[in-house]
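Here is the structure we will look at, set down as structure tokens.
Chain identifiers are assigned alphabetically (A, B, ...) following the order of the sequence lines, protein sequences preceding nucleic acid strands; residue numbering begins at 1 within each chain. All values below come from the heavy atoms of this structure, side chains included, with hydrogens, waters and symmetry mates left out.
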Amino acid sequence: MVGWVAAQVALLLSACAGASSGAATGGSGGSSGTTVLLYTSYSQPEVDGLVGAYRAAHPEAKVEIFRAPTGQLNARVAAEKRGGKVRGDVLLLSDPLSMQQYAAQGMLRRWSPAEASFVPPEARSDTFWGVAFLDVVVVNQPGLTPLSWQDLTGPRYRDAVALPDPGFAGSAFGALGFFAQAPGYGVDYYKRLKSNGAVQVQSPTEVITGVAEKRFKAGMTLDFLARAAIAKGSPLQMSAPAPGAVRLYAPVAVFGDTSRPTAAEAFAGFLLTEPAQQALAEQRRHPIRADVPAKTPALKEVAPDWPLIFQRRGELLADYRAVFGG
Amino acid sequence: VTAVSVCLLLLVGVPLGTLFSAAFEQGAGDAWSAVSGDGSGRALLNTVWTSFAVSALAVAGGTTAAFITERSRAPGRRWMRGAMLAALFSAPLVSAVGWTRAYGRGGLLDEATGVSWDGLFGPGGVVVVGVCGAVPLAYAVVAASLASRVEPDTERAARASGATPAQALRTVTLPLARPGVAAAAALVFVSAVNAFEVPAVLGIPAGFPTMTTRLYQNLTLSADPAAFTSAVALAAALVVLSVLVVGPADALTGVGSAPRTAATSGSATTDARSSWWLAAGLWGFVALAFAVPLVALVLMALTRAIGLPPVPANWTLDNFALAFNQHAYAALRNSLLLAGVAATVVLLLGVLTAVLGRRGAGRPLGTLVTLTFAVSGSALAVAILLAYGGRLRDTLTIILVAYLAKFWALGHHPVAGALERVPDDLVRAARVNGASPLVAARSVVAPILGPALAAGWLLVFLFAIHELTISSLLYGPGNETLAVVILNQQQLGDVAATSALSVLLSLLIAFGAALLVMARRAARTLGAAR
């Protein structure tokens, strides 16, 4: 009796192990080299749009998605690196600053996509390539539009500003990089925000929720998220205060540890093709390619000086944490 | 015995051994400083004081509720029992999210009256919502002990001898209920120490860390190797804390479970008027703690856009359509598969342990199994990751292994209880009358055991389906459970998707709980017919 039950347990366990490993690594074993594991901070509709377009062009290809906020992705990659090697093949992030950290550690593969020439020079490197532009904007309650980013440190917005956490959201990290070196701003800008009662929440989505529910008068978030909420009918306004919306680019890269470089490069390179760029435009993203028009009106933008910001990368988060805590 | 011991060793012994050796690798001093140092020290302190607060309040509330349903004349007591049972199965994650939608800023109450509770995010919310979740647990334990251990006859004797209802309550009922109350306190304390969902939703945004959320953040949000070391130390500390409390408590509750002689319900100790008040109080609690948050979630899930009032003009099913994408379905499938396999294996293990216990060899084994239930899911996850992470990291199997370790006790107890109820005489009578052992097993044992097994299976299934503490630490690409998807959406701040998925999870649990009630009823009918 005991032996029989033990055998059943073993059977069930192995069946489950088979089912799960099948689900987790499905087809990773050599022959079908068309499966790639994508690590991304993009939100679900955009990833689905991109993968849908890829599968339409390559019906035999398979893309597994692990989607998490940038901070969570960083933790996962770090844990995998400690354990031996990174499991993911392709990395698609929301800001260049987080990506640069991996490049600096030599964790990314040197490669050049077939459509590299369509990527503007400021959104290129030898390991990662811009896929889309995104704007860090202000979302506010109707009638409370700030004229300048500085306004958020003034009495009108006292105790009523929400900021996403740069340790959690890549876009917030990118914006931190911009403000830290912008004349008249610096890390001091965050100090003034803090002393004006600004609150740190986790994600740009949470900022929108908080402003829509009138917990905050205004907050820092991403343009396409704000546009989506406004389109649905949330009582919100979006603005690009002076000097302008902070323009980030969302880059794609291939992990150096990948065991399927061909498939990984094929998928990553596909993101720069017209169908993929169209799919991004459908999701209110700004295509990186000038020949694919955006479906949303342009904002007044400022473009950060990324090479300059990359040099300060190491101290940025620590400086910020000294103001807003961990 | 060996097979069960080997299972127990593999599921719990080896991982915990690995955990402690890893925790003490750098020397006890370093491990202690990792636990007590800086943020972790604050988390430890927060965990201890909130757990004490939750236990005290929840045991008081649960005991009161148990006296209302078992010892008062309050109307609708049967419905009250049902409501408390339903509350027992509600997912803590859904409760926590529901509370934010009901009483937080921009929530239902705020929308209707302009009043909201700002302290919801922070220690206040962690304690209050924790208490609400723990009251049904305390209630279940105390009510069961009132129903089985406290003799209505002794109460009647006291009343007949001239004691007032209050005197009878104080001098007879309460002292007899004490072991039940103590057991409830231990159980609630341990589950409060191990609670993850409520502090994750209400504590993290307010910067109020507990040990479990700190551990979660260390593992999932930090790229710093030191964070992992500190997580290991925290996990070890959690194990010590829970076992210190449960060890003595299990010994305590094992003492004397005398069978009741009379099957009548307990003597009523209240008059009609106060009964109404008591009933109103209990229903008020159920409404405020569970019904309103659930309604708030449903309304949020139905509302077209955030910031609009949840009136019919703004209703839509779009949120459900968006939330139930292929990833949510994959996660749902993972949850169902994990819960189903875990329930089945746990039941088999439960039968094994119980059969051995019947032979007299398994009593210490039963206690050990109970102890494993006390081990925090967070700690278990870290321990299993350390022990088996090399091969099994990011697979469903590693989550399953942790579930088996965690839920073994849940399956063990109903099965053991049911086996005790199979009278040897009946089996002997069947055999004397010419039944083969097989026929005896089929016609005597199976009808009694069947519904109990079904109930045990559903019990494990229900707890596994909304399990988050373990799966949030062990999931990998393609292996998210439904609860993990909800947590991630919640952390992302996507209120509509969080609400829609929470509603789905609640429906799933309600369906399972309904089946469980049916199985229980079948078991009872069979027992009565015997």
Side-chain angles (χ1 to χ4, degrees), chain A residues 1-3 5-6 8-9 12-13 15-17 19-21 23-26 37 39 43-45 48 64-69 71-72 74-80 82-83 87-88 167-168 201-215 229-230 232-236 325-326, chain B residues 1-4 6-7 39 105-107 110 204-205 207 219-225 227-228 304-308 314 318 322 325-327 330 334 337-338 341 344-345 348-349 351-352 355-356 389-390 392-401 476-479 488 491-495 497:
Chain A
M1 164 78 183
V2 169
V5 173
Q8 292 300 308
V9 170
L12 267 164
L13 273 171
C16 186
S20 66
S21 60
T25 54
L37 178 54
Y39 283 6
S43 54
Q44 198 72 61
D48 288 346
E64 284 228 42
I65 303 159
F66 185 77
R67 196 178 64 85
Q72 224 161 311
N74 290 343
R76 163 160 286 273
V77 172
E80 289 179 355
R82 271 201 305 280
R87 278 191 57 204
F168 185 85
V201 298
Q202 286 204 123
S203 70
T205 312
E206 210 175 329
V207 170
I208 291 175
T209 304
V211 176
E213 291 182 336
K214 304 196 167 48
R215 250 177 294 161
I230 292 168
K232 276 192 190 171
S234 283
L236 295 169
Chain B
V1 180
T2 43
V4 178
V6 166
C7 281
R105 287 276 283 275
D110 196 1
I204 290 179
L219 282 192
T220 62
L221 276 177
S222 174
D224 182 2
F228 187 76
R304 182 159 51 88
I306 300 150
L308 296 179
N314 291 329
D318 286 359
L322 271 175
N325 52 34
Q326 46 171 329
H327 306 283
N334 286 339
L337 181 70
L338 274 172
V341 176
T344 308
V345 178
L348 289 173
L349 289 171
V351 169
L352 263 182
V355 165
L356 294 168
L392 297 181
R393 176 183 269 279
D394 291 344
T395 63
L396 276 183
T397 313
I398 197 166
I399 303 180
L400 177 69
V401 170
N479 291 327
N488 286 345
Q491 302 269 290
L492 209 62
D494 191 337
V495 192

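- Interface check for chain B: of the options Arg67(A), Lys232(A), Glu80(A), the most heavy-atom pairs under 4.5 Å are formed by Lys232(A).
- Scanning both residues, Gly493(B) and Thr205(A), for their nearest heavy atoms gives O-CG2, 3.6 Å.
- Partners of Arg215(A) according to the salt bridge (Lys or Arg N to Asp or Glu O under 4.0 Å) rule, which considers only residues two or more places apart in sequence or in another chain, are Glu213(A).
- A search for side-chain contact (heavy atoms from CB on, under 4.5 Å) contacts involving Ile230(A) returns Leu236(A), Met238(A), not counting sequence neighbours.
- Note on Val495(B), Ile399(B), Leu492(B), Leu308(B): by heavy-atom pairs under 4.5 Å with chain A, the leading option is Leu492(B).
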* Can Asp110(B) and Lys214(A) be said to form a side chain to side chain contact (heavy atoms under 4.5 Å, CB included), step by step? -> CA-CA 10 Å; Asp110(B) 196 1; Lys214(A) 304 196 167 48; over 6 Å; no

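- Of all the listed residues (Ser234(A), Pro69(A), Ala78(A)), the one sharing the greatest number of non-hydrogen pairs under 4.5 Å with chain B is Ser234(A).
- You'll find the side chain of Asp394(B) reaches within 4.5 Å of the side chain of Arg76(A), heavy atoms only.
- When all heavy atoms are compared, the tightest approach of Pro235(A) to Gly307(B) is CG-O, 3.6 Å.
- Atom CG in Asp48(A) sits 4.0 Å away from atom NE2 in His327(B) (nearest 0.5 Å).
- Ranked by non-hydrogen atom pairs under 4.5 Å with chain B, the options Val211(A), Thr209(A), Asn74(A) are led by Thr209(A).
- Only the side chain of Asn325(B) comes within contact range of chain A, with heavy atoms under 4.5 Å apart.
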* What do the steps show when you test Leu322(B) against Gln44(A) for side chain to side chain contact (heavy atoms under 4.5 Å, CB included), and what is the final call? -> CA-CA 10 Å; Leu322(B) 271 175; Gln44(A) 198 72 61; over 6 Å; no

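- With a 4.5 angstrom heavy-atom cutoff, Leu219(B) touches chain A only via backbone atoms.
- When heavy atoms are compared at a cutoff of 4.5 Å, Gln491(B) approaches chain A by way of both its backbone and its side chain.
- Only the side chain of Gln202(A) comes within contact range of chain B, with at least one heavy atom under 4.5 Å from a heavy atom of that chain.
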